[in-house]
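Data block below; observations after.
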Amino acid sequence: MMLSEDTERLSRLVPLLPKLWDWYRANARALPWREPSTSPYAVWVSEIMLQQTQVATAAPFYERWMERFPTVRDLASAPLEEVLRYWAGLGYYARARNLHRAAKDLLASYEGELPSDVKALLRLPGIGRYTAGAIASLAYGIPAAVVDANVERVLCRIFGVDGIPSQAATARRLAALAEALVPPDAPGLHNQAMMELGALVCSPSDPACGRCPLSDACHAARTESPTDWPRRRAAKRQVRTAHASAALFRSDGSVLLVRRAPHGLWGGMWELPRRECAAGEAPVQTAERALREVVGLRATIGAELHTVRHAVMHYAITLHVLRASEPEGDASPLDCVALRWATPRQALELPLASPQRQALERLAAMQHLAG
DNA sequence: TTCCCGTCCT
DNA sequence: AGGACGGGAA
């Protein structure tokens, strides 16, 4: 899948690789998962956390996680609810559910050890091509290639790849290039060096070609604007949506919360009963419908307590939180997997996605002010 | 407000 | 091939 021009440029690039590795040894960030003692399990956890998530965001979550779930066995034996609590705020909650599921699989099939074989790794939920290659090479020294967004950017610039990386042919070309570069004796070092180069030097919008150990072999570095690579598809237009949640309080100060089914947006997380506003539907109607459809209660919807803005992908979500009162009927879990009453302060201990956490924090503050 | 990013499902 | 899935930084 390589082009002939690729072969030519490879022969110029390979002799520079020792400079890349030296650069990495001198400039690598000291990160918690880069301790020499990092277990394959810890490499796995860090790689899952780093999917779609910045290093600075993931680091404190990683520390807390490893303290609570230091081994595959600790993770597998913990309840999903607690696992999600440790993930709350990181987003993409399927990652936590898959990690938990895979830990159970590892205990059942591999005596709790992470396999070193890429094919076996790919069979675990939540592990795709990138993560399988990362675990194999970083944790076990297997010469597997990795193409994450950093590597993709570095390769597209060096080789002047004009195809769009998400298209199959271009993806295959990038995979072939990455594979051709992996040294059999130090795949982990090389892969981390490529990713670190992308993160620290060959950055998306402000590449520092002057500091790059590979710039002598780089196509983009010799052009007016190295940031023309990688080529991108046109961005999707922003879509605005509104959601409404009902805050139904009991006289003891507790509020009704529901746990979502373990799939889809905010799967497995707790929240105030919520629905997306239909076209032309006012938040007060939506909140009424949410209580009815999610827990089977009819109630009177009162004042809007507050508004939380949140971005998910290309969606801009406005979450309206409205007070509800005078419920009729018994609350039952119609469109949720569990339901409970808790004070807003207690609710903050549950697994909550970020906008729900904001909403509950403000309810807790309100209650505090009310005495 | 825009940009950035792996895996799974369809 | 393309959409769903979040949160933080620029």
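Just so you know, these numbers use all the heavy atoms, side chains as well, and skip hydrogens, waters and symmetry mates. Reminder, nothing fancy here: chain letters follow the sequence lines and each chain counts from 1.
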Checklist entry - Of A:P125 and A:E152, whose closest DNA chain B nucleotide lies nearer the 5' terminus? => result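 Result: A:E152.
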
Item to check | 5′-ward residue of the pair A:A132/A:Q54 relative to DNA chain B | outcome: A:Q54

Would one find a side-chain N or O of [X] under 4.0 angstrom from OP1 or OP2 of [N]?
{"X": "A:R232", "N": "B:dC5", "value": "yes"}
{"X": "A:H310", "N": "C:dG6", "value": "no"}
{"X": "A:S354", "N": "C:dG7", "value": "yes"}

Next on the checklist: What I want to check is whether an N or O donor and acceptor connect the side chain of A:Q52 with the base of C:dG6 at under 3.5 Å.
Outcome noted: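 Looking at the base of C:dG6, it does not pair with any donor or acceptor on the side chain of A:Q52 (distance under 3.5 Å).
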
Next on the checklist: Judged by each residue's nearest nucleotide on DNA chain C, which is more toward the 5′ side, A:L90 or A:S166?
Outcome noted: A:S166

Salt bridge [X]-[Y], side-chain N to carboxylate O under 4.0 Å:
{"X": "A:D22", "Y": "A:K19", "answer": "no"}
{"X": "A:R29", "Y": "A:E196", "answer": "yes"}
{"X": "A:E281", "Y": "A:R289", "answer": "yes"}

Would you indicate what [X] reaches in the nucleic acid, counting non-hydrogen atoms under 4.0 angstrom: base, sugar-phosphate, or nothing?
{"X": "A:R153", "result": "sugar-phosphate"}
{"X": "A:A168", "result": "sugar-phosphate"}
{"X": "A:P165", "result": "nothing"}
{"X": "A:R309", "result": "nothing"}
{"X": "A:T131", "result": "sugar-phosphate"}
{"X": "A:R95", "result": "nothing"}
{"X": "A:Y315", "result": "sugar-phosphate"}
{"X": "A:Y130", "result": "sugar-phosphate"}
{"X": "A:A149", "result": "sugar-phosphate"}
{"X": "A:Q51", "result": "sugar-phosphate"}
{"X": "A:I48", "result": "nothing"}
{"X": "A:G264", "result": "sugar-phosphate"}

In whole angstrom, what separates [X]'s [atom1] from [N]'s [atom2]?
{"X": "A:W266", "N": "C:dG6", "atom1": "CH2", "atom2": "C1'", "value": "9 Å"}
{"X": "A:L50", "N": "B:dC4", "atom1": "CG", "atom2": "P", "value": "18 Å"}
{"X": "A:R357", "N": "C:dG7", "atom1": "CZ", "atom2": "C1'", "value": "14 Å"}

Among [options], the one nearest [X] by side-chain distance:
{"X": "A:P355", "options": "C:dG7, B:dT7, B:dT1", "answer": "C:dG7"}
{"X": "A:V312", "options": "C:dG6, C:dG8, B:dC8", "answer": "C:dG6"}
{"X": "A:R240", "options": "B:dT7, B:dT1, B:dC5", "answer": "B:dT1"}

Checklist entry - Above 12 or not: heavy atoms from other molecules or residues under 6.0 Å from CG of A:D185? => result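 Yes, because the 6.0 Å sphere around CG of A:D185 holds more than 12 heavy atoms from other groups.
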
Next on the checklist: Please identify which of these residues, A:I135, A:V151, A:V146, A:L50, meets the side chain to side chain contact (heavy atoms under 4.5 Å, CB included) condition with A:Y130.
Outcome noted: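 Output: one option passes, namely A:V146.
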
Checklist entry - What is the ring orientation for A:H310 with A:W266, classed by angle as parallel under 30°, tilted 30 to 60°, or perpendicular over 60°? => result tilted

